[in-house]
Amino acid sequence: ICVTASAAGDQTRRIQRKNGSVKLKIPENPEEPKFTGLSKEELLRVAGTPGWVRTRWTLLLVFWLGWLGMLVGAVVIILHAPECRQLPDTKWWNEGPLYQIGHIQAFTASQDLKGLEQKVDSLSQLKVKGLVVGPIHVAPPDEPVNLSFEEVSADVGNLDQFQGFIQAAHRRGEDTREDRTAGGDSVPNTHVFCVLSGISVVLDLTPNYQGSSGPWFSNISNGTDNSPNKRVLIGVTDRSSARDVSFLLASCGVDLLISRVLLAGEMDATERAQSIQHLYSSHNQTFLAWSLDGRSEGHLASLVGPALVKLHQLLLFTLPGTPVFNYGDEIGLMDMVRLDHCSPQTQRLSYRRFFCSLSELRVKARSLMFGDFLLLYNSSSSLAYLRAWDQSDRYLAAFNWAEEAAVLQLSDPTLPRRATVILSTNSSALPDNSSVDLTSLWLGPGQAALLMFPYAP
């Protein structure tokens, strides 16, 4: 049979058309196989088998044993946990620093109480607990009989300005109260100071003071006892011996006694440590007040030098008791210094930031507020001590007054190997939050540091 080429091509095309693609229709929702569990009868039959019965009893027993174990563990922890110490009975003036403004005319531009009222907001940023202002009463020189404690001196303003100052303190959340109990016919060497948490009486205890005798002293002390949470009786003495100050504190009945213990001549670090230890061991720390300057001594920077301002700020804030500062100490203000000799603006801001950080920490940390004081190390130029309260974080303060670096080898059973730097007078040498070795603590010349480590049972 002969087939032409054209016929063969037509046949091929017909075969291709028959073997083309085939379209299949797939259901959109194909039915999935359904899971069919055991029926009720089957479950009951399986549950009753010995294997499942043993499993259920085992799980039930494990549950109750675990519950009883946790209960017994909780009871054991409660019985063996150290009992928390009861908080000491403190007053408002023990909770933060006091800030003295002896010369209102020098402190304010307007030189009166109105200018002081305008500075309340900025003073509150320092986190101070009280302002000691004055004297603001009428006090004719050499005429103690004509003292008028209820009359504001015209040199500092008037009664309306004084009341405005009190109201401004109220708006800042301060508990302000006026105390007019400082009566008496003749009160020698006595000044009335204004404190934000209550007008207080400040007694100038002369070197010839022999005890709390005399009707004027009884009137003042009894007046402060009527409202112990609002009023404070502060004593001031120029004595620098720790024994003399201890005698005054024990006999005169004041709430706080500001002395010159930390300014006793050429006192070295060893003598300073002995004075602090003597006062701490002899009296409740709620009666101790620490200050390096005041109305007669001058400002902190003038007494210790600008380079040691931060060191002494740290010292006052960490000692057991109430720190007392003079106005301007937070910025390194000096006495009678020409404007072109003042510290640079950046340096003053650095002083202020350091002061505010210490003040805020002093208010929050229980170990610094009313913790125990433990002397760890002291030499002629170095000092280190520990502040600890119950189960709170521990704070270690270290100081070097020398002109060369010092290495403090601290060893005590309560100390860990390392501690964390909270604040340092030289942040480049000891950065904040860095870890240091307490067995060889390096401090540069005139450097101080505040370290912290957690409580460990």
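Proximity of Leu383 to Leu376: side-chain heavy atoms (C-beta onward) are nowhere separated by under 4.5 Å. Residues Leu249 and Leu288 meet the side-chain proximity criterion, which asks for heavy atoms closer than 4.5 Å. Side-chain contact between Leu126 and Ser359 is absent, with no heavy-atom pair separated by less than 4.5 Å. No side-chain heavy atom of Phe354 sits under 4.5 Å from any side-chain heavy atom of Val309. Side-chain atoms of Leu256 and Trp93, non-hydrogen and from C-beta on, do get closer than 4.5 Å to each other. Side chains of Phe453 and Asp393 form no contact here, defined as non-hydrogen atoms less than 4.5 Å apart. Within the 4.5 Å cutoff, side-chain heavy atoms of Ile422 are placed close to those of Leu361. Within the 4.5 Å cutoff, no side-chain heavy atoms of Phe399 are placed close to those of His312.
Trp401 carries Arg272 over the face of its six-membered ring, with the cationic atom under 6.0 Å from the centre and within 45° of the normal.
No close placement of the Tyr99 and Phe325 rings is indicated, their centers lying 6.0 Å or farther apart.
Contact check on Glu360 versus Lys127 returns no salt bridge, with no Lys/Arg side-chain nitrogen under 4.0 Å from an Asp/Glu carboxylate oxygen. Ion pairing between Arg366 and Asp390 fails under the 4.0 Å rule for side-chain N and carboxylate O.
Checking Tyr377 against Ser411 by side-chain atom types alone, no donor-acceptor pair falls below 3.5 Å. Judged purely by distance below 3.5 Å, without hydrogens or angles, the side chains of Lys310 and Ser350 pair a donor atom with an acceptor atom.
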Is there a side-chain hydrogen bond (donor to acceptor under 3.5 Å, both in side chains) between Gln391 and Arg85? Walk through the geometry before answering. CA-CA 9 Å; Gln391 303 177 38; Arg85 291 178 60 181; over 6 Å; no

Checking Arg394 against Leu386 for the side-chain contact (heavy atoms from CB on, under 4.5 Å) test, could you report, in this order, the C-alpha distance in whole Å, the side-chain angles of both residues, the deciding distance, and whether it holds? CA-CA 7 Å; Arg394 274 65 173 133; Leu386 179 68; 4.0 Å; yes

Residue pair Asp372, Arg387: steps toward the salt bridge (Lys or Arg N to Asp or Glu O under 4.0 Å) verdict: CA-CA 5 Å; Asp372 299 328; Arg387 298 297 309 280; over 6 Å; no

Go through Asn426 and Ser424 one step at a time and tell me if the side-chain hydrogen bond (donor to acceptor under 3.5 Å, both in side chains) criterion holds. CA-CA 5 Å; Asn426 187 353; Ser424 172; over 6 Å; no

Apply the test side-chain hydrogen bond (donor to acceptor under 3.5 Å, both in side chains) to residues Thr322 and Lys129: give CA-CA distance (whole Å), side-chain angles for both, the deciding distance (0.1 Å), then the verdict. CA-CA 10 Å; Thr322 301; Lys129 189 60 181 177; over 6 Å; no

The test is side-chain hydrogen bond (donor to acceptor under 3.5 Å, both in side chains); show your working for Arg418 and Ser435 and say whether it passes. CA-CA 6 Å; Arg418 306 188 69 85; Ser435 179; 2.9 Å; yes

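The nearest pair of heavy atoms linking Leu430 to Val421 is O-CG1, 3.9 Å. Here the closest heavy-atom approach between residue His278 and residue Ala242 is recorded as CD2-O, 3.7 Å. For the pair Ala448 and Leu314, the tightest heavy-atom approach, listed with the atom from each and the gap, is CB-CD2, 3.6 Å.
Ring geometry for Phe355 versus Phe317: interplanar angle over 60°, hence perpendicular rather than tilted (30 to 60°). Using a 30° and 60° split on the angle between ring planes, Phe162 and Phe165 fall in the tilted class, from 30° to 60°.
The distance from atom OG of Ser291 to atom CG of Asp329, rounded to the nearest 0.5 Å, is 8.0 Å. One finds the CD1 atom of Ile258 at 11.5 Å from the CG atom of Leu292 (value rounded to the nearest 0.5 Å). Annotation: the span from Gln161 atom CD to Ser110 atom OG amounts to 7.5 Å, rounded to 0.5 Å. Taken from CD in Gln447 to CG in Leu308, the straight-line distance is 11.5 Å, to the nearest 0.5 Å.
A donor-acceptor distance shorter than 3.5 angstrom exists from the side chain of Asn400 to the backbone of Glu404, with no hydrogens or angles considered. No donor-acceptor pair under 3.5 Å is formed between the side chain of Ser302 and the backbone N or O of Met334.
Here the options are Trp389, Trp290, Tyr395, Tyr280, the test is ring pair (Phe, Tyr, Trp, His ring centres under 6.0 Å), and the partner is Phe373; only Tyr280 passes. Checked against Tyr351 for a side-chain hydrogen bond (donor to acceptor under 3.5 Å, both in side chains), the options Gln347, Arg353, Arg348 give a single hit: Gln347.
Other residues, nucleotides and ligands contribute more than 12 heavy atoms inside 6.0 Å of the CD atom of Gln105.
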